[in-house]
Amino acid sequence: HRFNHFGISAALEALKTIAADYRRDFPQNSKIAINDISLMRGGLFDTKSDWDPPHQSHRWGYQADVRISNIPAGDQAALMKIMESPGARVLVETNPPHFHLDFTPKDSPHYEEALVCDYYHEPE
């Protein structure tokens with residue numbers, strides 16, 4: 001998925017901070033896997049070429065997904081706090097398990113009160 005890692009600068013900087021803070025606090029763990037941010041020019045996240053609208057909220061570069069499967073269960077609560085520290089709202093998705101992060105500012109026309117993440121891809 002090399003074509004869906006584009007985002008607004010504030011979200012990308014926050015993701016770098018999250019990754020660095022997680023590495024600092026858990027150097028023995030695998031790196032966090034971040035994917036599905038936005039397409040280069042935004043818009044419909046059509047990764048299956050069928051125009052069935054997956055990832056409704058991944059259109060503007062404010063959201064990203066973080067895989068849970070490589071985070072030890074005992075470290076997930078600490079990672080949640082690390083992700084919230086730079087301002088992410090975090091939704092825990094269960095099918096398949098992943099964290100959905102949203103950095104959309106409240107004054108943005110793209111801000112959604114309820115967090116939704118309706119589709120997920122494993123990173124390549």
Side-chain angles (χ1 to χ4, degrees):
H1 300 111
R2 63 181 178 228
F3 301 113
N4 60 10
H5 290 86
F6 297 90
I8 63 162
S9 58
L12 296 175
E13 288 303 314
L15 290 169
K16 288 179 191 178
T17 298
I18 290 166
D21 290 352
Y22 181 73
R23 175 57 76 201
R24 179 199 64 222
D25 293 353
F26 300 97
Q28 72 283 1
N29 291 355
S30 299
K31 294 178 181 179
I32 61 173
I34 299 169
N35 66 304
D36 291 357
I37 301 171
S38 182
L39 301 176
M40 184 183 299
R41 291 182 178 85
L44 180 64
F45 205 94
D46 182 35
T47 58
K48 297 187 300 180
S49 297
D50 61 3
W51 296 103
D52 183 25
H55 272 325
Q56 290 285 353
S57 60
H58 285 253
R59 295 179 179 209
W60 302 283
Y62 293 111
Q63 294 84 19
D65 291 338
V66 175
R67 189 185 321 159
I68 290 177
S69 61
N70 64 328
I71 307 297
D75 299 337
Q76 291 178 11
L79 176 56
M80 290 269 298
K81 289 184 181 186
I82 290 170
M83 292 185 296
E84 291 169 345
S85 179
R89 295 188 307 149
V90 182
L91 174 67
V92 180
E93 286 286 321
T94 58
N95 187 24
H98 68 282
F99 296 110
H100 171 75
L101 309 183
D102 185 355
F103 299 98
T104 310
K106 280 191 171 188
D107 62 350
S108 168
H110 305 299
Y111 182 83
E112 297 172 337
E113 195 65 42
L115 289 179
V116 177
C117 183
D118 55 2
Y119 196 80
Y120 179 72
H121 289 285
E122 288 293 328
E124 291 179 2

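Here the side chain of Arg89 pairs a donor or acceptor atom with the backbone of Glu113 at under 3.5 angstrom.
Side-chain contact between Asp75 and Pro72: present, with at least one pair of heavy atoms (C-beta onward) separated by less than 4.5 Å.
Remark: Phe26 CZ to Ile82 CD1 distance equals 5.5 Å, nearest 0.5 Å. Rounded to the nearest 0.5 Å, atoms NE2 (His98) and CD (Glu93) are 4.5 Å apart. How far CD of Gln63 is from NE2 of His100: 5.0 Å, rounded to the nearest 0.5 Å. Here CD1 of Ile68 is found 5.5 Å from CD of Gln76. Values are rounded to the nearest 0.5 Å. Between the CG atom of Leu15 and the CZ atom of Phe103 there is a distance of 4.5 Å, given to the nearest 0.5 Å. Once rounded to the nearest 0.5 Å, the distance linking CD1 of Ile18 with CD of Glu84 reads 9.5 Å.
Closest of all the heavy-atom pairs between Arg67 and Ser69 is CD-OG, 2.8 Å. Here the closest heavy-atom approach between residue Met83 and residue Ala88 is recorded as O-CB, 3.0 Å.
Paired with Phe99 under the rule side chain to side chain contact (heavy atoms under 4.5 Å, CB included), one option of Leu91, Ile34, Val90 passes, and it is Val90.
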| query | Given Ile71 and Ile32, is the side-chain contact (heavy atoms from CB on, under 4.5 Å) satisfied, shown in steps? | reply | CA-CA 7 Å; Ile71 307 297; Ile32 61 173; 3.7 Å; yes
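A side-chain donor from one of Tyr22 and Asn29 sits under 3.5 Å from a side-chain acceptor of the other.
For residues 12-21, the set of pairs meeting the side chain to side chain donor-acceptor pair (under 3.5 Å) definition, not counting sequence neighbours, comprises Glu13-Lys16, Asp21-Arg24.
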